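Written out below as structure tokens is the structure these notes cover.
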Amino acid sequence: MTIPNTEDATPAAGRVLVLNSGSSSLKYQLLDMRDQSRLASGLVERIGEETSRLVHTPLAGGGGESRERTGRIPDHDAALRAAAEELAADGLGLDSPELAAIGHRVVHGGLRFTEPTVITDEVLTEIERLVPVAPLHNPANITGIRTARALRPDLPQVAVFDTAFHTTMPEYAARYAIDVETADAHRIRRYGFHGTSHAYVSRKTAALLGHAPEDVNVIVLHLGNGASASAVAGGRCVETSMGLTPLEGLVMGTRSGDIDPAVTFHLKRVAGMSADEIDVLLNKKSGLVGLCGDNDMREIRRRIDEGDARAALAFDIYVHRLKKYIGAYSAVLGRVDAVVFTAGVGENSAPVREAAIAGLEELGLVVDADLNAVRSSSPRLISPDYARVAVAVVPTDEELEIAGQTFALVDN
Ligand code: AMP
């Protein structure tokens with residue numbers, strides 16, 4: 001073994017830029033994986049519109065004032081170049097020798113990508129081949145990758161797939177009960193999403209319980225504007241609530257979640273709606289927003305406190321669906337060690353956590369009201385000591401997980 005001469009050694013590249021390209025937005029975060037610190041973050045929104053906006057926040061050394069740019073940013077290429085300029089203004093430019101890699105969140109990895117993958121021309125072609133199963137998501141991810149490669153062709157770029165964690169689901173959980181030839185011809189099956197969050201949170205929950213991930217069974221409830229549940233047995237996902245697309249499963253901010261598929265034929269035949277109109281209805285105008293006009297849980301709780309019946313019904317429908325999934329996933333897992341809440345609603349809404357667990361004592365689930373009321377950004381238990389199954393709140397951190405998976409691939 002050679003011992004490095006630390007006096008002469010230049011610092012090893014330890015920074016990772018994480019890029020999350022949405023259809024009209026780009027989120028970025030620069031992390032230093034040597035100490036897991038955050039150096040900068042930013043968001044470009046309304047890309048392609050006259051009212052585009054970039055907000056960049058320096059985070060190094062205690063952080064600095066956010067800076068804002070407004071005015072048309074025509075495409076993702078221009079958005080990433082603008083973000084790179086802001087990073088350079090803080091001395092964190094993409095040309096820095098300290099940058100080890102760029103990690104891209106890619107929504108759909110199909111069946112091919114079960115692990116984070118260094119992006120080659122061939123990998124990019126494969127991601128493009130998945131566009132028909134993820135028409136809303138993968139094109140933006142691909143643009144982000146192309147631009148980043150143009151800016152730093154020499155730098156490793158890594159794709160971290162939202163679907164990867166769920167590829168361990170058994171075939172009987174991943175298949176829909178439809179004609180097999182039709183399903184296979186069009187790659188129709190349950191893929192699941194939010195995988196980086198489910199992976200990170202289930203691992204953190206095991207650590208909170210003082211066990212290795214292999215030794216615990218966990219139900220993860222990722223409740224953000226998008227929401228999904230997963231059943232994780234010994235560190236491997238065995239079931240998740242999202243399917244071919246992120247529409248299936250829980251009630252979400254603007255998505256219906258589970259619905260009788262015949263509702264769509266009915267809307268077409270009886271209401272005369274087109275496939276695109278039904279898509280918009282179920283993805284953008286349903287869920288909490290469709291039920292009561294608001295998708296922010298804080299606003300819904302405020303309205304309930306004022307006696308608003310529509311907000312109360314929306315809340316009850318949301319919680320009822322959650323309970324059904326907790327029950328179903330308890331049955332799937334057989335033995336449950338923890339139920340864990342994460343993401344915007346899961347981390348912050350004590351009433352949702354309380355209502356979702358209420359009445360589940362027979363499953364070993366109890367919430368302690370005082371612990372549930374504590375506001376904290378740390379992983380914590382909210383169940384009493386005597387409870388058979390732990391109930392926990394674990395803040396998710398998809399950027400850190402993407403950066404960690406990216407760095408693990410390129411750090412050698
Ligand atoms: P996410 O997609 O994880 O960023 O979650 C966004 C959602 O979290 C928002 O739409 C709100 O419904 C919810 N949320 C954020 N902060 C709070 C809070 N303090 N209390 C209740 N819900 C919250």
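Remember, it's 1-based here, ligands and their atoms both numbered in the order they're listed. Keep in mind that this is a model prediction, so the values were computed, not measured.
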Please check if any side-chain donor atom of [X] sits under 3.5 Å from a side-chain acceptor atom of [Y], or the reverse.
{"X": "Thr167", "Y": "Thr114", "result": "no"}
{"X": "Tyr176", "Y": "Glu248", "result": "yes"}
{"X": "Arg375", "Y": "Asn348", "result": "yes"}

(request) If the plane angle is over 60° it's perpendicular, under 30° parallel, otherwise tilted; pick one for His166 and His198. (result)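 It falls in the perpendicular class, over 60°.
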(request) Take the angle between the ring planes of Phe161 and Phe113 and call it parallel below 30°, perpendicular above 60°, tilted in between. (result)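 Judged by the thresholds at 30° and 60°, the geometry between Phe161 and Phe113 is parallel.
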(message) Suppose we call two aromatic rings close when their centres sit under 6.0 Å apart. Are His222 and Phe341 close by that rule?
(response)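 Centroid distance His222-Phe341: not below 6.0 Å, so no.
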(request) Check whether any protein heavy atom sits under 4.0 Å from atom 2 (O) of ligand 1. (result)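 Neighbour list for atom 2 (O) of ligand 1 includes protein heavy atoms (cut-off 4.0 Å).
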(request) For ligand 1, indicate whether the residue Asn295 contacts it via side chain, backbone, both or neither (heavy-atom separation under 4.0 Å). (result)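 Within the 4.0 Å criterion, Asn295 contacts ligand 1 through backbone atoms alone.
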(message) Residue-level breakdown please: for Arg375 versus ligand 1, do any non-hydrogen atoms fall below 4.0 Å on the side chain, on the backbone, on both, or on neither?
(response)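 Contact part for Arg375 vs ligand 1: side chain (C-beta onward).
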(request) May I ask you to list the atoms of ligand 1 that are less than 4.0 angstrom from any heavy atom of Gly224? (result)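 Every atom of ligand 1 under 4.0 Å from some heavy atom of Gly224: 1 (P), 2 (O), 3 (O), 5 (O).
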Quick test: of every protein heavy atom, which one is nearest to [atom], and how far off is it to 0.1 Å?
{"atom": "atom 6 (C) of ligand 1", "result": "Asn225 N, 3.8 Å"}
{"atom": "atom 11 (C) of ligand 1", "result": "Asp296 OD1, 3.5 Å"}
{"atom": "atom 13 (C) of ligand 1", "result": "Val345 CG2, 3.6 Å"}
{"atom": "atom 18 (C) of ligand 1", "result": "Asn348 CB, 3.2 Å"}

(request) Could you name the option among Glu398, Met297, Arg301 that has the heavy atom nearest to atom 22 (N) of ligand 1? (result)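 The option holding the nearest heavy atom is Met297.
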(request) Just go through Glu299, Arg298, Glu347 and tell me whose heavy atom is the nearest to atom 20 (N) of ligand 1. (result)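 The nearest heavy atom belongs to Arg298.
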(request) Using distance alone, determine whether Gly344 and ligand 1 share an N or O pair under 3.5 Å. (result)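 Right, the criterion is met.
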(request) Taking only Lys NZ, Arg NE, NH1 and NH2, and the carboxylate oxygens of Asp or Glu, determine whether Arg189 and Glu171 approach each other closer than 4.0 Å. (result)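 So Arg189 pairs with Glu171 through a salt bridge.
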(message) Any side-chain to backbone donor/acceptor pair from Lys323 onto Leu360? Under 3.5 Å, distance only.
(response)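 A pair under 3.5 Å: no.
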